[in-house]
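The block underneath contains the structure these notes are about, expressed in structure tokens.
Just so we're clear, the structure is a prediction, and the values are computed from it rather than from any experiment.
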Amino acid sequence: MTLTFSVSDEVRALAPGFTHLVVEARGLVNGPSSPDSSALLDDAARRLAERLDGRAPHEDAHIAAWRETYSAFGSKPNRTRNSAEALAKRALADGGLPRINLLVDAYNAISVAHLIPVGGEDTDHIKGGMRLIRATGEEPFVTVAGGERTVEHPDAGEVVWCDDEGVTCRRWNWRQGVRTRLTEESVNAVFLLESLAPMTIGELEAAGSELAESLEKLSPGAQISVRTPE
């Protein structure tokens, strides 16, 4: 069954320029970071530095749009940065980008190179369809605190991705939950690329195509499809 994605009317009203693209993959082979996945991250950091040309990530028009949107639902963008800005800052810092595993490295590289939030979810752990909503504040969010799994709840009005079991990502694309994250055992995944104006549909589709190509190289034989922007 094809995984469904929906965006609530409340979120559409909050960010009318929001668009997302989905890359679905089955039969993936994940594992520890490799020289190939590390090279993707190094190349992404190089492309980012060329794109910014000395500017800070938040000075990019697309990141600025995300900051405005975060502020619109009550989140402080300097405290809770969208995932693309947070990764970009790490890419430009002395420590560079973290190496997590093959699949996470691949989508993090796309996020940095294109300055676009990208998330990856293990579809075998998703319950029902994926929905982007404004939270009531009662939804459960499984995370880790002090090395132990714990359940938190989003703020009322916060924009979250969720499925039938609870929140999968808080503050739109700020923090992913542990329940659906990609591990080295993951074989089926969905990758979500999210954009706001002024990013164009063409730019979003280019990022999606590049991610699909990276996944094909890292997991030869995997079944990969790209859904048109929604």
- Query: Any side-chain heavy atom of Val226 within less than 4.5 Å of one from Ser209?
  - Reply: no
- Evaluate the side-chain proximity of Thr69 to Val159: yes if any heavy-atom separation is below 4.5 Å, no if none is. no
- Message: Are Val118 and Leu192 packed together at the side-chain level, in the sense that at least one heavy-atom pair is separated by less than 4.5 angstrom?
- Response: no
- Straight-line distance of Glu205 CD to Thr200 OG1, nearest 0.5 Å: 8.5 Å
- Query: Got a sec: does the CZ of Arg46 have more than 12 other heavy atoms crowding it under 6.0 Å?
  - Reply: yes
- Considering only heavy atoms from C-beta outward, does the side chain of Val144 approach that of Thr150 to under 4.5 Å? no
- Query: Quick one: CG on Leu97 to CG on Asp42, what's the gap to the nearest 0.5 Å?
  - Reply: 8.0 Å
- Task: Find out if a path of hydrophobic residues (ILVMFWY) with successive side-chain heavy-atom gaps under 4.5 Å connects Trp174 to Ile63.
- Result: no
- Task: Could you pull out the closest heavy-atom pair between Leu3 and Gly128, with the gap in Å?
- Result: CD1-O, 3.3 Å
- Item | Intermediate values then yes/no, side chain to side chain donor-acceptor pair (under 3.5 Å), Thr168 and Thr180 | CA-CA 7 Å; Thr168 58; Thr180 58; 5.0 Å; no
- With sequence neighbours left out, the residues meeting ring-ring contact (aromatic ring centres under 6.0 Å, His included) with Phe73 are Tyr70
- State, without any angle test, whether Glu216 and Ser219 hold a side-chain donor-acceptor pair at a distance under 3.5 Å. no
- Minimal heavy-atom distance between Ala65 and Pro198, with the atoms involved, is CB-CD, 4.3 Å
- Message: Would you compute the distance between atom CG of Leu40 and atom CG of Leu218 and round it to the nearest 0.5 angstrom?
- Response: 6.0 Å
- Query: Which heavy atom of Val23 sits nearest a heavy atom of Leu215, and at what distance?
  - Reply: CG1-CD1, 4.1 Å
- Which atom of Arg227 lies closest to which atom of Thr2, heavy atoms considered: NH2-CG2, 3.0 Å
- Message: Just verifying a value: how many Å separate Asn101 CG and Asn108 CG, rounded to the nearest 0.5 Å?
- Response: 9.0 Å
- Task: Go through the steps for Leu48 and Leu52 under the test side chain to side chain contact (heavy atoms under 4.5 Å, CB included), then give the verdict.
- Result: CA-CA 6 Å; Leu48 173 68; Leu52 292 176; 3.6 Å; yes
- Message: Taking atom CZ as the centre, does Arg79 end up with more than 12 heavy-atom neighbours from other residues, nucleotides or ligands that are less than 6.0 angstrom away?
- Response: no
- Message: For Glu210 and His114, which I'm curious about, is there any donor-acceptor pair between the side chains at under 3.5 Å?
- Response: yes
- Message: Do the side chains of Arg181 and Glu121 get close enough for a salt bridge, i.e. N-O under 4.0 angstrom?
- Response: no
- Task: Might you work through the salt bridge (Lys or Arg N to Asp or Glu O under 4.0 Å) test for Glu85 and Arg90, ending with a clear yes or no?
- Result: CA-CA 9 Å; Glu85 181 180 354; Arg90 295 192 70 171; over 6 Å; no
- Message: Hydrophobic clustering (ILVMFWY, side-chain heavy atoms < 4.5 Å, transitive) - are Trp66 and Leu115 grouped together?
- Response: no
- Does the side chain of Phe18 reach to within under 4.5 Å of the side chain of Glu194, using non-hydrogen atoms? yes
- Message: Do Leu211 and Leu182 land in one hydrophobic cluster if side-chain heavy atoms of ILVMFWY residues count as linked below 4.5 Å?
- Response: yes
- Task: Using a strict cut-off of less than 4.0 Å between a Lys/Arg side-chain nitrogen and an Asp/Glu carboxylate oxygen, indicate whether Arg134 and Asp155 qualify as a salt bridge.
- Result: no
- Item | OH on Tyr107 to CD1 on Ile100, rounded to 0.5 Å | 8.5 Å
- Task: Taking all heavy atoms of Ala25 and all of Phe191, pick out the closest pair and write down the distance.
- Result: CB-CE1, 4.4 Å
- Query: Is the number of heavy atoms from other residues, nucleotides or ligands under 6.0 Å of Glu59 CD greater than 12?
  - Reply: yes
- Could you point out which residue of Asn188, Val190, Val187 forms a side-chain contact (heavy atoms from CB on, under 4.5 Å) with Arg26? Asn188
- Message: Once rounded to the nearest 0.5 Å, what's the spacing between atom OG1 of Thr143 and atom CD of Glu148?
- Response: 12.5 Å
- Query: Quick one: do the Arg99 and Ser38 side chains pair a donor with an acceptor below 3.5 Å?
  - Reply: yes
- Task: Grab the two heavy atoms, one from Pro229 and one from Thr19, that are nearest each other, plus how far apart they are.
- Result: CB-CG2, 3.5 Å
- When clusters are formed by joining ILVMFWY residues with side-chain heavy atoms under 4.5 Å apart, either directly or through shared neighbours, do Leu196 and Ile201 land in the same one? no
- Message: Using a 3.5 Å distance criterion without hydrogens, assess whether the side chain of Ser75 forms a donor-acceptor pair with backbone atoms of Ser71.
- Response: no
- Item | Main-chain N/O of Ser34 paired to Ser37 side chain as donor or acceptor, under 3.5 Å | yes
- Query: Can Trp161 and Gln176 be counted as having a side-chain donor-acceptor contact under 3.5 angstrom?
  - Reply: no
- Using only heavy-atom distances, determine whether the side chains of Arg67 and Asn78 contain a donor-acceptor pair under 3.5 Å. yes
- Query: Under 3.5 Å, is there a donor-acceptor pair between the Asn82 and Asn173 side chains?
  - Reply: no
- Message: Looking at Asp163 and Lys127, would you say the former's side chain and the latter's main chain have a donor-acceptor pair under 3.5 Å?
- Response: yes
- Message: Less than 4.5 Å apart, side chain to side chain, heavy atoms only: is that true for Ser111 and Pro117?
- Response: no
- Between Asn30 and Ser186, is a side chain to side chain donor-acceptor pair (under 3.5 Å) present by the stated rule, with each step listed? CA-CA 6 Å; Asn30 201 7; Ser186 298; 5.1 Å; no
- Can you find a pair of side-chain heavy atoms, one from Glu139 and one from Ile133, that are under 4.5 Å apart? yes
- Query: Less than 4.5 Å apart, any side-chain heavy atom of Arg171 and any of Val160?
  - Reply: no
